Amino acid sequence: STTFSIAFFIFLSLKRFSKHNYIQFVRYGLLFWAALVSYSRVYMGVHYVGDILAGATAGILIAWFVFWIYNVLEKRFSVPLQKTSDSFLE
């Protein structure tokens with residue numbers, strides 16, 4: 001649940017930078033990492049597949065809810081920043 005929460009929250013957070021190819025690689029790489037960790041838990045016999053699916057579902061829903069709250073608070077309380085031309089994400 002924690003692995004999918006972290007991975008999915010970062011996946012959603014990096015969506016605004018998705019025009020860059022390496023950001024897309026990082027976004028989907030994080031989801032692959034979360035799936036790999038989940039697979040390793042089943043392979044090692046620590047969890048059942050149902051545990052992993054329930055944890056992944058809970059993690060994704062929690063991450064989506066926290067991201068939604070983050071966006072609401074950001075829109076309400078954020079101060080606009082000036083864009084600089086030397087930013088590496090432009």
Side-chain angles (χ1 to χ4, degrees):
S1 165
T2 305
T3 306
F4 267 97
S5 290
I6 293 169
F8 198 68
F9 182 80
I10 294 172
F11 178 82
L12 293 173
S13 297
L14 290 177
K15 187 175 182 179
R16 66 178 76 171
F17 304 112
S18 64
K19 62 183 174 183
H20 304 286
N21 289 335
Y22 64 93
I23 295 294
Q24 288 287 36
F25 179 75
V26 170
R27 288 179 71 208
Y28 289 103
L30 284 170
L31 293 180
F32 178 73
W33 167 72
L36 193 63
V37 168
S38 298
Y39 173 74
S40 74
R41 302 293 172 116
V42 174
Y43 182 77
M44 296 300 290
V46 179
H47 291 288
Y48 293 111
V49 176
D51 298 340
I52 297 299
L53 293 177
T57 302
I60 288 171
L61 291 175
I62 290 168
W64 178 82
F65 181 69
V66 170
F67 183 73
W68 177 74
I69 289 175
Y70 172 77
N71 280 334
V72 168
L73 293 175
E74 184 180 41
K75 287 177 185 174
R76 186 169 194 166
F77 298 112
S78 71
V79 176
L81 299 175
Q82 294 180 343
K83 284 194 163 191
T84 59
S85 61
D86 58 343
S87 174
F88 71 97
L89 290 176
E90 286 189 78

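Please read all numbers here as calculations on a predicted model, not as lab measurements.
Using a 4.5 Å heavy-atom threshold, the side chains of Ile23 and Arg27 count as touching.
The heavy-atom pair separating Ala7 from Leu30 by the smallest distance is CB-O, 3.5 Å. Across every non-hydrogen atom of Ala63 and Ser5, the tightest pair is CB-O, 3.4 Å.
Expressed to the nearest 0.5 Å, how far CZ of Phe67 lies from CD1 of Ile60 amounts to 14.5 Å. The line from CD1 of Ile52 to OG of Ser40 is 8.0 Å long, rounded to the nearest 0.5 Å. Taking CH2 from Trp64 and CD1 from Ile69, the interatomic distance works out to 9.5 Å, rounded to the nearest 0.5 Å. Rounded to the nearest 0.5 angstrom, Tyr39 OH and Leu36 CG are separated by 9.0 Å. To the nearest 0.5 angstrom, Phe65 atom CZ is 11.0 Å from Leu61 atom CG. Taking OG of Ser38 as the start and CG of Asp51 as the end, the distance is 11.0 Å to the nearest 0.5 Å.
Residues Phe32 and Leu53 fall into different hydrophobic clusters, defined by Ile, Leu, Val, Met, Phe, Trp and Tyr side chains chained together at heavy-atom separations under 4.5 Å. No continuous path of hydrophobic side-chain contacts links Tyr48 to Tyr43 [ILVMFWY only; heavy atoms under 4.5 Å]. Note on Phe17 and Tyr22: same hydrophobic cluster, where clusters join Ile, Leu, Val, Met, Phe, Trp and Tyr whose side-chain heavy atoms are under 4.5 Å apart, directly or indirectly.
Summarising the local packing, CH2 of Trp68 is surrounded by 12 or fewer heavy atoms from other residues, nucleotides or ligands at distances under 6.0 Å.
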_Using the rule given for side-chain contact (heavy atoms from CB on, under 4.5 Å), can you reason through Thr3 versus Trp33, listing the C-alpha separation, both sets of side-chain angles and the distance that settles it, and then say yes or no?_
CA-CA 8 Å; Thr3 306; Trp33 167 72; 3.7 Å; yes
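With sequence neighbours left out, Phe8 forms a ring pair (Phe, Tyr, Trp, His ring centres under 6.0 Å) with Phe11.
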